[in-house]
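Read through the structure below, which is laid out as C-alpha cells, and then see the notes.
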Amino acid sequence: MMKTIYIPMRTRFLFLLCFLAGIASPFSGHTKEKPKPKIINIVNFIRLLEPRDPKITEDVLYQTVVKQVEMMKKYRLGGTFLLQYDALMDSRYQKLLKSLPKDAFEIGAWWEIPQPMVEKAGLKWRGRYPWDWHADIGFSTGYSPEEREKLADVYMADFKSIFGYYPKSVGSWFIDSHTLNYLYEKYHIIASSNCKDQVGTDGYTLWGGYWNQAYYPSKINSYMLKHKMKRTNYLFPFSECLEAIRSVNTTMV
C-alpha cells in the first residue's frame, strides 16, 4: 500500500519523486528546528513491450526490471512497481514481483491501455501495435465511459486474481476523471499520478496540469484542483508524474 506521495521513476522513462520537508533556511532566523520527515519513493512503471524500437525487446524490458530490483535491494531502497496490463499478465513479472517483501515494495497499476486488456473487455482494438501510445488508443480518454468501466473491471479482476488484493495506486500520463472516480468508489484506490505538461510528445499534448503540489482532483476534470474539501467534490490526493529525462523539475507535497 502506498503511504507516500511520489513521482514515478523507471528505466525506460525514468521517474522520481523527492519530497524534502522541514529544511530551515539559513536566513529564516531559526537555528534549531525539530527534524521532520524527508521522504523519497522510487516508482517504476512496467510495460511488456516497446514497438517503437526493435532493439528494446520484451526480454530487454524484463531484465531491466530484474536489475532495478537488484539495485533497490542492494541499497535498501523500497519502492513501487506499476504494471501495465500486458506486463501484469506475464508470468515472469508475476513471479518476480510476488517475491518482493511487502514491507518494502508496493505493486500498483499503470493505466495505459494495451490490446489484451481491450479485447478481454469485449471491445475492438484500434491500435497499430499491441500497445499504441497515441492518446485516442493508449489512454482511457479514447473510450466511452461505459467502456472505461469495463476496462477497469478487467484489470482489477485479473490483478486481484494474481496478487490477492486490489492495487491502491494507479498512474499514467493522464487518466480521465470518470475512470478515476470509478476506481476510487468501486476499488478504493487511494492515490494516482499524472503528467502536468508536455507539448507534441508521443502523439499528444498535455497542458494546464496543477503544478508543485499534490491535490484533490475535481470529478469534472482530473486536471482541475478542487479547493472546497467536500467529499462530493474530490477524489483523493494526486501526485505528479514527470519524465526526468525531459529535464522537468518539480517538488511534491
Side-chain angles (χ1 to χ4, degrees), residues 1-17 39-50 56-121 130-131 138 140 150-173 175 179-180 182-184 186-193 236 239 241:
M1 175 177 175
M2 183 175 68
K3 299 183 182 298
T4 59
I5 298 176
Y6 53 77
I7 297 175
M9 182 203 88
R10 51 159 236 182
T11 299
R12 277 90 73 196
F13 297 101
L14 194 60
F15 297 91
L16 180 65
L17 167 78
I39 302 168
I40 296 176
N41 192 42
I42 299 172
V43 185
N44 307 276
F45 74 80
I46 302 172
R47 294 179 181 138
L48 179 67
L49 49 84
E50 175 50 81
I56 304 178
T57 64
E58 291 184 19
D59 189 61
V60 167
L61 295 178
Y62 173 73
Q63 292 301 326
T64 297
V65 179
V66 171
K67 294 299 182 182
Q68 289 171 342
V69 170
E70 291 177 357
M71 292 182 65
M72 293 168 79
K73 287 183 175 180
K74 178 180 179 180
Y75 296 107
R76 299 181 181 180
L77 299 172
T80 297
F81 287 94
L82 302 178
L83 284 160
Q84 189 166 286
Y85 182 80
D86 48 9
L88 170 69
M89 302 308 293
D90 188 283
S91 60
R92 296 173 299 173
Y93 290 110
Q94 295 174 14
K95 183 179 180 180
L96 175 64
L97 299 182
K98 281 183 178 181
S99 70
L100 300 180
K102 293 183 179 180
D103 61 344
F105 292 91
E106 176 201 13
I107 313 301
W110 182 250
W111 216 254
E112 289 182 307
I113 314 298
Q115 184 174 358
M117 185 176 174
V118 169
E119 292 180 342
K120 189 163 185 180
W131 167 68
S140 55
K150 290 180 179 179
L151 292 168
D153 290 341
V154 164
Y155 187 101
M156 290 298 185
D158 284 333
F159 188 101
K160 186 175 183 181
S161 70
I162 293 165
F163 292 103
Y165 58 89
Y166 294 125
K168 294 298 183 182
S169 309
V170 179
S172 186
W173 307 110
I175 307 176
T179 295
L180 283 173
Y182 186 75
L183 293 172
Y184 172 67
K186 184 170 182 178
Y187 297 105
H188 311 296
I189 65 171
I190 62 172
S192 185
S193 58
F236 44 80
S239 60
C241 168

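Annotation: the span from Met72 atom CE to Asn44 atom CG amounts to 5.5 Å, rounded to 0.5 Å. Between the CG atom in Leu77 and the CZ atom in Phe105 there is a gap of 8.0 Å [rounded to 0.5 Å]. With rounding to the nearest 0.5 Å, the separation of CD1 in Ile107 from CG in Leu100 is 5.5 Å.
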Query raised in the report: Between Arg92 and Leu48, does a side chain to side chain contact (heavy atoms under 4.5 Å, CB included) hold up when you go through it step by step?
Result: CA-CA 10 Å; Arg92 296 173 299 173; Leu48 179 67; 4.1 Å; yes
Requested in this report: Test Phe45 against Phe81 for ring pair (Phe, Tyr, Trp, His ring centres under 6.0 Å), laying out the working first.
Outcome: CA-CA 6 Å; Phe45 74 80; Phe81 287 94; over 10 Å; no
**Report entry** Derivation of the side chain to side chain contact (heavy atoms under 4.5 Å, CB included) call for Asp90 and Tyr62
**Finding:** CA-CA 10 Å; Asp90 188 283; Tyr62 173 73; 5.5 Å; no
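Counting only heavy atoms from C-beta outward, the side chains of Glu112 and Tyr85 never approach each other to under 4.5 Å. Here the side chains of Lys168 and Thr80 are not in contact, with every heavy-atom distance at 4.5 Å or above. Side chains of Leu49 and Gln84 form no contact here, defined as non-hydrogen atoms less than 4.5 Å apart. Side-chain contact between Leu183 and Met156 is present, with heavy atoms from C-beta onward closer than 4.5 Å. Using a 4.5 Å heavy-atom threshold, the side chains of Pro116 and Met89 count as separate. In this structure, Val60 and Glu50 have side chains that are not in contact, with every pair of non-hydrogen atoms separated by 4.5 Å or more. Side-chain contact between Asp86 and Gln115 is absent, with no heavy atoms from C-beta onward closer than 4.5 Å. The shortest side-chain heavy-atom distance between Ser140 and Leu151 does not fall under the 4.5 Å cut-off.
More than 12 heavy atoms of other residues, nucleotides or ligands shown are found within 6.0 angstrom of NZ on Lys73. More than 12 non-hydrogen atoms from other residues, nucleotides or ligands lie less than 6.0 angstrom from OH of Tyr165.
Heavy atoms only, all atoms of each residue included: Ser192 and Leu180 are closest at OG-CD2, 3.7 Å. Shown here for Ile46 and Tyr93, the closest heavy-atom pair between the two residues is CG2-CE2, 3.5 Å. Between Gly171 and Ser193 the shortest heavy-atom distance is CA-OG, 3.3 Å. When all heavy atoms of Arg47 and Leu61 are compared, the pair lying nearest together is O-CD1, 3.6 Å. The two residues Gly108 and Pro167 make their nearest non-hydrogen contact at CA-CB, 3.9 Å.
Note: Phe163 and Phe159 have tilted aromatic rings, judged against thresholds of 30 and 60 degrees for the angle between ring planes.
If you check the side chains of Asp153 and Tyr182, you find a donor sitting under 3.5 Å from an acceptor.
Side-chain atoms of Lys120 do not come within 3.5 Å of backbone N or O of Tyr155 as any donor-acceptor pair. In this structure, the side chain of Tyr166 does not engage the main chain of Ile189 through any donor-acceptor pair within 3.5 Å.
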